[in-house]
2 protein chains.
Amino acid sequence: MGEQKSGAGSGAASGPASAPGGGTSAPGRGAKPASDPTLASRLFAELRAQIISGAIPPRQRLRVRQLAAQFGTGLSPVREALNRLTRDDLVSHNDQRGFVVSAVSEQDLADMIRARCWLNERALRESIALGGPDWEERLLVAFHRLSRLPRWADEAEGIANPEWESAHRAFHRALIEACGSGWLIGFCEQLFDVADRYRHIARKAAMARVRDEHRQIMEAAVARDADRAVDLLNRHFQRTAELCRAELQRRAAAVAPTGRRARRAKAVDPAGPPA
Amino acid sequence: MGEQKSGAGSGAASGPASAPGGGTSAPGRGAKPASDPTLASRLFAELRAQIISGAIPPRQRLRVRQLAAQFGTGLSPVREALNRLTRDDLVSHNDQRGFVVSAVSEQDLADMIRARCWLNERALRESIALGGPDWEERLLVAFHRLSRLPRWADEAEGIANPEWESAHRAFHRALIEACGSGWLIGFCEQLFDVADRYRHIARKAAMARVRDEHRQIMEAAVARDADRAVDLLNRHFQRTAELCRAELQRRAAAVAPTGRRARRAKAVDPAGPPA
DNA sequence: GGTCAACAGATGATCGATCATTTTTTGTAT
DNA sequence: ATACAAAAAATGATCGATCATCTGTTGACC
């Protein structure tokens, strides 16, 4: 006896797929009959991807009827998918009050990152202690696959590259895979997903902020309000500089330790970019 | 902002409740209108309790129609409850193949216990480091409540005392509550539930084994098969003795360390009774 | 003006029927 | 007897209708 853990499936998000019309277009390859999974499972995967990617923002109410209409299905599969999503704390549910995309907060972020550090530390130490040559190889492969993929599908638009996301997950998993504890791995992956969501949301917010700044500057300029326009532009440059400064500090910190031994694991600043 | 974690509710299992007729019998106390929770939530709680207590054994298939009939409800609430149960890994699900109570295995037990030790260690250390006087007090209270409750509702029959179970959970939670990480606490509680299930299952199996041994001895005696009867009886005594021996060793070990310092946390034998 | 209550619309929860797939049974040929 | 295949039964998945509850609005009253 032994099989357990249906293993949340995770991995590759399907395409947009929102339009019900879909069907027979693009017969390109053999196009296996597909649709293996049940309708509820597809909805689950789709919603999960959208929530993690930030396409559906935190606090967003998930109305069953609306989603059913949007995906062109009945109510049951939606409800089922929603229920499954609560498993990973991506969605929360209140009796008689429906489903909501879980909120994010600075507090929760700090908590989550701390837990993530703890669990991954344990898992990584065990992995290093127990992992054999095969584990090393898998890790190298995972790293290689990750490093040759472009980070963004569209850098300017901040559209993530799904393949990179997938490889990123695979890399982190490969790190801890030899720890020998399915439970621990499961927890780590759950935290990975949540961290991923924060990452995407932050990115999204940053992009939106930049766009908004551009708009404000433009408006002030068109309105011939020189003072305001200049002020906004200056702030805009400042903010950009701050981002660069943070990055430079990071690089400097990476170079400096040449003198001393670079050991000393110590707790890393949890405020840093989750990666 | 901050509310998250719908918080699995856990706690007190309602009565058998299988009969739909139920209703107005035993108006004993005020009998508040109750039924606060949604139907699905009640099924969830009931099934969860039954699975953890071992009333529904591992590998048991959970057929939607059957459960619906048993509880006198429609299919939807059952399905919903089942889906929510997969959250805690108490139930697993395969597309088109329905729900099953998660299997148990020696391997999974070892894995789970190890993870449980790791996570609780971290949580406990943090709790001790961060917990204030209020935490201490709550812990003392939790311990006191637990220690004055009878372990069994019926020792001979091995029927657990629900209040004890509840206080037990509360005690373990109180221990780590001050660790400041909701995520970590959540994981620990999930593992608590799974460990609880193992505990109950083991107890149940032990009781069944004893009963079976009695029956076999009786049958051999009635059949006038002296050799077999005596052999069975001897083994029976041996087994009982082994249980006592294990207990005595535990007590001896607890007394011995008077000489040396009793520090040295070290890894505890995971095979011991999870408590 | 503000507060509360009745109302209406929206939304969640539940039901029973129906479709699709899996599992079991039954029958037949080797 | 065994193995395979078709048919039957069981079971999971999905649907749309319906009931219950919640939310926001309107309007009377203080």
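Sequence lines set the chain letters: A, B, ... in the order given, protein chains first and strands last, and positions in each chain run from 1.
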- Item | Nearest-nucleotide pick for Ala40(A), side chain only, options being dT14(C), dA13(C), dT14(D) | dT14(D)
- Counting only distance, no hydrogens or angles, is the base of dG12(D) paired donor-acceptor with the side chain of Arg65(B) under 3.5 Å? yes
- Query: Whole Å only: how far is the CG atom of Asn94(B) from the P atom of dT21(C)?
  - Reply: 16 Å
- Message: By nearest atom, which of the nucleotides dT22(C), dT14(D), dT14(C) is closest to the Gln96(B) side chain?
- Response: dT22(C)
- Message: How many whole angstroms separate atom CD of Gln60(B) from atom P of dT11(D)?
- Response: 12 Å
- Message: Nearest whole Å is fine: how far is dT11(D) C1' from Leu62(B) CG?
- Response: 13 Å
- Query: Is there a donor-acceptor pair under 3.5 Å between the side chain of Ser181(A) and the backbone N or O of Leu184(A)?
  - Reply: yes
- Asp95(A) CG to dT21(D) P: how many Å, rounded? 12 Å
- Taking every heavy atom of Gly182(A) against every heavy atom of Asp111(B), the minimum-distance pair comes out as N-OD2, 2.8 Å
- Message: Under a plain distance cut-off of 3.5 Å, with no hydrogens placed, do Glu165(A) and His200(A) share a side-chain donor-acceptor pair?
- Response: yes
- Message: Whole angstroms only, please: what is the CZ-P distance between Phe99(B) and dA10(D)?
- Response: 21 Å
- Message: In this structure, how many angstroms lie between the P atom of dT14(C) and the CD atom of Glu80(B), rounded?
- Response: 7 Å
- Message: I'd like to know if Arg63(B) reaches the base of dG12(D) with its side chain such that a donor and an acceptor end up less than 3.5 angstrom apart.
- Response: no
- Query: Quick one: is Arg97(B) getting a side-chain N or O under 4.0 Å of the dT23(C) phosphate, OP1 or OP2?
  - Reply: yes
- Counting only side-chain N and O atoms of His93(A), is one of them less than 4.0 Å from OP1 or OP2 of dT11(C)? no
- Between Leu75(A) and Val64(B), whichever has its closest DNA chain D nucleotide further toward 5' is Val64(B)
- Item | dT22(C) base / Arg61(B) side chain donor-acceptor hit below 3.5 Å | no
- Task: Tell me whether the OP1 or OP2 atom of dT14(D) has a side-chain N or O from Thr38(A) closer than 4.0 Å.
- Result: yes
- Item | Parallel, tilted or perpendicular: ring planes of Phe187(B) versus Trp183(B), cut at 30 and 60 degrees | tilted
- Interatomic distance where CG belongs to Leu82(A) and P belongs to dT14(C) [whole Å]: 15 Å
- Query: Within the distance-only criterion (no hydrogens, no angle test), does the side chain of His168(A) pair as donor or acceptor with the backbone N or O of Trp164(A) below 3.5 angstrom?
  - Reply: no
- Query: Reckon Leu43(A) touches a base, only the sugar-phosphate, or nothing at all at heavy-atom distances under 4.0 Å?
  - Reply: nothing
- Message: Between C1' on dA13(C) and CZ on Arg42(B), what's the gap in Å once rounded to a whole number?
- Response: 12 Å
